[in-house]
J.: 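First the structure, which I've put down as structure tokens, then a few questions once you've had a look.
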Amino acid sequence: MPELPEVETIVRSLRPHILGRKVSEIKVLLPKIIHTEGLGSTEDLIGQTITNIFRWGKNIVLEFSPNWYVRIHLKMTGQLLVSLPEEPIPKHTHVIFSLDGGKIEVRYRDIRQFGYIHIMTAGEWKKWRDGNFVGPDPLEISLPSFLARLAGKRGKIKSVLLNQAFLRGLGNIYVDEILHQAKIHPESSADHLSTEEATTLYQKMQQVLQAAIWHQGSSVSDYVDSSGKQGEYQYYHQVYGRANLPCRQCGTRIERIRVSGRSTCFCPKCQRRR
DNA sequence: AAAGATGTTGCAAC
DNA sequence: GGTTGCAACATCTT
């Protein structure tokens, strides 16, 4: 679920509640959620202060002064929820961080249990960050860099955009929305796009992501921010989740196909195959 | 009621 | 490099 706009919204909603607070206790209800590199455990975080929180692609990164980092990936159904300790613990809650002596809690909840919380040293974090697994941020990359990265890319444009090593943060919803805005067929070869098409793609990518952040993400099933609030960008979707409905641009029936194993919605008229 | 689908990603196999 | 299929798991839809 959570793609760049949702993760950004979660980080922004979490920040004022946790920044500068000290971890007093961590309850691990489902141990497999916690990942480490062998060194490090939840014990190492006790008594440490959260000095920073930021988004890295679809990852949420917490910085603890100054030795430890925690990287959280929500995968499909993960949630981070700010709660008071007396609030009932919802089903599928797997890890509970108590802050400031138990005045407030941050709870990790994940229905499908695909997500994880990775505890890393500063060195491990930097090694991961600078590895080749994650590309530039779609909102930070310049147009020339984007065009340069796209040049020589083989494969379908949808697969390229979903690849986190190409750009970090795009997922199934926003790739479909961006390609519709850019009027590009999801199965177009990346290396067949003209400079003009690639430029439009870049512009629409930034516009769609900015608009989605503005509307606090898309709640299509489980997504909520850290206060439990749903997003509203789903009301602006042009293609995602609209198979067999008329295109909002031209009225043509939206089609659903499978592209590199992912369900893909597009308008056959707005997004002509070339 | 069983089968298929669901926003992610890492891996194996080709 | 590129692709496909599958795995992790719970829940909802067909």
Side-chain angles (χ1 to χ4, degrees), chain A residues 1-10 29-35 37 55-60 71-80 90-95 108-118 128 131-135 138 149-180 186-192 208-209 212-213 215-225 230-245 255-266:
Chain A
M1 164 235 340
E3 306 179 22
L4 186 155
E6 288 77 29
V7 176
E8 181 65 29
T9 304
I10 291 168
L29 280 37
L30 186 63
K32 73 165 184 179
I33 298 293
I34 305 290
H35 292 208
E37 304 277 335
R55 177 183 62 76
W56 197 264
K58 299 175 193 171
N59 296 267
I60 296 164
R71 179 173 65 87
I72 302 171
H73 201 301
L74 303 170
K75 290 287 183 92
M76 304 271 269
T77 52
Q79 299 173 334
L80 281 173
K91 201 175 169 184
H92 307 298
T93 299
H94 306 311
V95 181
Y108 178 79
R109 180 170 181 263
D110 189 353
I111 294 174
R112 289 175 74 178
Q113 307 176 11
F114 290 171
Y116 53 82
I117 296 173
H118 193 163
W128 182 85
N132 295 322
F133 321 107
V134 279
R149 276 183 92 71
L150 202 55
K153 267 292 176 190
R154 275 156 230 294
K156 297 166 180 168
I157 187 61
K158 168 143 183 178
S159 318
V160 171
L161 294 174
L162 281 175
N163 182 353
Q164 302 298 295
F166 178 68
L167 289 179
R168 62 175 124 102
L170 300 178
N172 209 31
I173 295 177
Y174 293 103
V175 167
D176 279 8
E177 293 299 318
I178 290 163
L179 287 173
H180 180 259
E187 294 186 298
S188 307
S189 300
D191 53 359
H192 285 14
V208 167
L209 294 174
I213 292 171
H215 291 285
Q216 299 171 96
S218 303
S219 289
V220 309
S221 79
D222 296 294
Y223 165 71
V224 288
D225 73 6
Q230 296 200 331
E232 295 186 344
Y233 193 69
Q234 65 275 17
Y235 303 124
Y236 300 88
H237 288 177
Q238 302 292 304
V239 285
Y240 182 84
R242 303 196 70 248
N244 301 320
L245 296 172
E255 279 184 26
R256 188 164 77 159
I257 59 172
R258 204 151 266 281
V259 179
S260 40
R262 310 299 300 279
S263 163
T264 300
C265 297
F266 73 105

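Keep in mind that what you see is a predicted model, and the values were worked out from it rather than measured. Proteins get letters first, then strands, A, B, ... in listed order; numbering begins at 1 in each.
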J.: Would you kindly give the CD-to-C1' distance between A:E6 and B:dT8, to the nearest whole Å?
T.: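 It works out to 13 Å between those atoms.
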
J.: Round to a whole Å and report the spacing from CG of A:L162 to P of B:dT6.
T.: 13 Å

J.: Separation of A:N172 atom CG from B:dT6 atom P, in whole Å?
T.: 8 Å

J.: Could you state the atom-to-atom distance from CD of A:E3 to P of B:dT8 in whole Å?
T.: 4 Å

J.: Please state the C1' separation for the pair C:dG5 and B:dG4 - nearest whole angstrom.
T.: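 Taking atom C1' in both C:dG5 and B:dG4, they lie 16 Å apart.
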
J.: Tell me: CG of A:D176 to C1' of B:dT8, nearest whole Å?
T.: 15 Å

J.: Atom CG of A:L74 to atom C1' of B:dT6: distance rounded to whole Å?
T.: 16 Å

J.: Distance only, no hydrogens: is a donor on one side chain within 3.5 Å (strictly under) of an acceptor on the other, for A:Y174 and A:S218?
T.: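 Result is yes, a qualifying pair exists.
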
J.: Say you pick atom C1' in B:dA1 and the same atom in C:dA8; how far apart are they, in whole Å?
T.: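 Their C1' atoms lie roughly 25 Å apart.
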
J.: Only counting residues at least two apart or in another chain, list the ones meeting side chain to side chain donor-acceptor pair (under 3.5 Å) with A:E232.
T.: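 Scan of A:E232 (side chain to side chain donor-acceptor pair (under 3.5 Å), adjacent residues dropped) gives none.
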
J.: Identify all stems in which DNA chain C takes part, counting only runs of at least 3 consecutive pairs (Watson-Crick or G-U wobble, each distance under 3.5 Å), and give each as one range with another, ordered by first number.
T.: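 DNA chain C forms these stems: B:2-6 with C:10-14, B:8-14 with C:2-8.
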
J.: Return the CD to CD distance between A:Q216 and A:E6, rounded to the nearest 0.5 Å.
T.: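 Rounded to the nearest 0.5 Å, the CD-CD separation comes to 11.0 Å.
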
J.: When the distance from CD of A:Q234 to C1' of B:dT6 is rounded to whole Å, what number comes out?
T.: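 Atom-to-atom, A:Q234 to B:dT6, this comes out as 16 Å.
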
J.: Excluding sequence neighbours, so at least two apart, what forms ring pair (Phe, Tyr, Trp, His ring centres under 6.0 Å) with A:H94?
T.: none

J.: Check for me whether A:R71 meets the cation-pi criterion with A:W128, that is, NZ or CZ under 6.0 Å from the six-membered ring centre and within 45 degrees of the ring axis.
T.: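 Relative to the ring axis of A:W128, which defines the angle, A:R71 lies inside both limits.
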
J.: Please determine if a side-chain N or O atom of A:Q164 lies less than 4.0 Å away from the OP1 or OP2 oxygen of B:dT8.
T.: no

J.: Among residues 108-115 of chain A, which ones have heavy-atom contacts with DNA chain C below 4.0 Å?
T.: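 When residues 108-115 of chain A is checked for heavy atoms under 4.0 Å from DNA chain C, the hits, listed by number, are A:I111, A:R112, A:Q113, A:F114.
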
J.: Check whether any side-chain nitrogen or oxygen of A:S263 sits under 4.0 Å from OP1 or OP2 of B:dT6, and answer yes or no.
T.: yes

J.: What residue pairs, at least two apart or across chains, pass salt bridge (Lys or Arg N to Asp or Glu O under 4.0 Å) with a residue in residues 234-245 of chain A?
T.: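 For residues 234-245 of chain A, and leaving out neighbouring residues, there are no salt bridge (Lys or Arg N to Asp or Glu O under 4.0 Å) pairs at all.
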
J.: I need the CD1-C1' distance between A:I173 and B:dT8, as an integer number of Å.
T.: 12 Å

J.: When you list every nucleotide of DNA chain C with an atom under 4.0 Å from a heavy atom of chain A, which one comes first 5' to 3', and which comes last?
T.: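 With heavy atoms of chain A under 4.0 Å away, the range is C:dG2 to C:dT11.
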
J.: Taking atom C1' in both B:dT6 and C:dT3, what distance in whole Å separates the two?
T.: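 Approximately 22 Å lies between the C1' atom of B:dT6 and that of C:dT3.
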
J.: Which residues pass the ring pair (Phe, Tyr, Trp, His ring centres under 6.0 Å) test with A:Y108, not counting sequence neighbours?
T.: none

J.: Looking for any heavy atom pair under 4.0 Å, which part of the strands does A:G155 touch: base, sugar-phosphate only, or nothing?
T.: sugar-phosphate

J.: Identify every side-chain donor-acceptor pair in residues 155-163 of chain A under 3.5 Å, counting partners at least two apart or on other chains, and give the distances.
T.:
| from | atom 1 | to | atom 2 | distance (Å) |
| --- | --- | --- | --- | --- |
| A:K158 | NZ | A:N172 | OD1 | 2.6 |
| A:K158 | NZ | A:D176 | OD1 | 2.7 |
| A:K158 | NZ | A:S263 | O | 3.4 |
| A:K158 | NZ | A:T264 | OG1 | 2.9 |
| A:S159 | OG | A:S260 | OG | 2.9 |
| A:N163 | OD1 | A:A165 | N | 2.9 |

J.: Taking only residues two or more places apart in sequence or in another chain, which ones pass side chain to side chain contact (heavy atoms under 4.5 Å, CB included) with A:Y236?
T.: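 A:Y236: side chain to side chain contact (heavy atoms under 4.5 Å, CB included) contacts with A:H215, A:Y233.
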
J.: Name all residues meeting the salt bridge (Lys or Arg N to Asp or Glu O under 4.0 Å) criterion together with A:R168; count only those two or more places apart in sequence or in a different chain, and write none if there are none.
T.: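 A:R168 satisfies salt bridge (Lys or Arg N to Asp or Glu O under 4.0 Å) with A:D137 once adjacent residues are dropped.
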
J.: Considering residues at least two apart in sequence or located in another chain, which fulfil the side chain to side chain contact (heavy atoms under 4.5 Å, CB included) criterion with A:R149?
T.: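 Here the qualifying residues are A:P136, A:I141, A:F166.
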
J.: Output all residues satisfying side chain to side chain contact (heavy atoms under 4.5 Å, CB included) with A:K32, sequence neighbours left out; order by chain, then residue number.
T.: A:L30, A:Q113

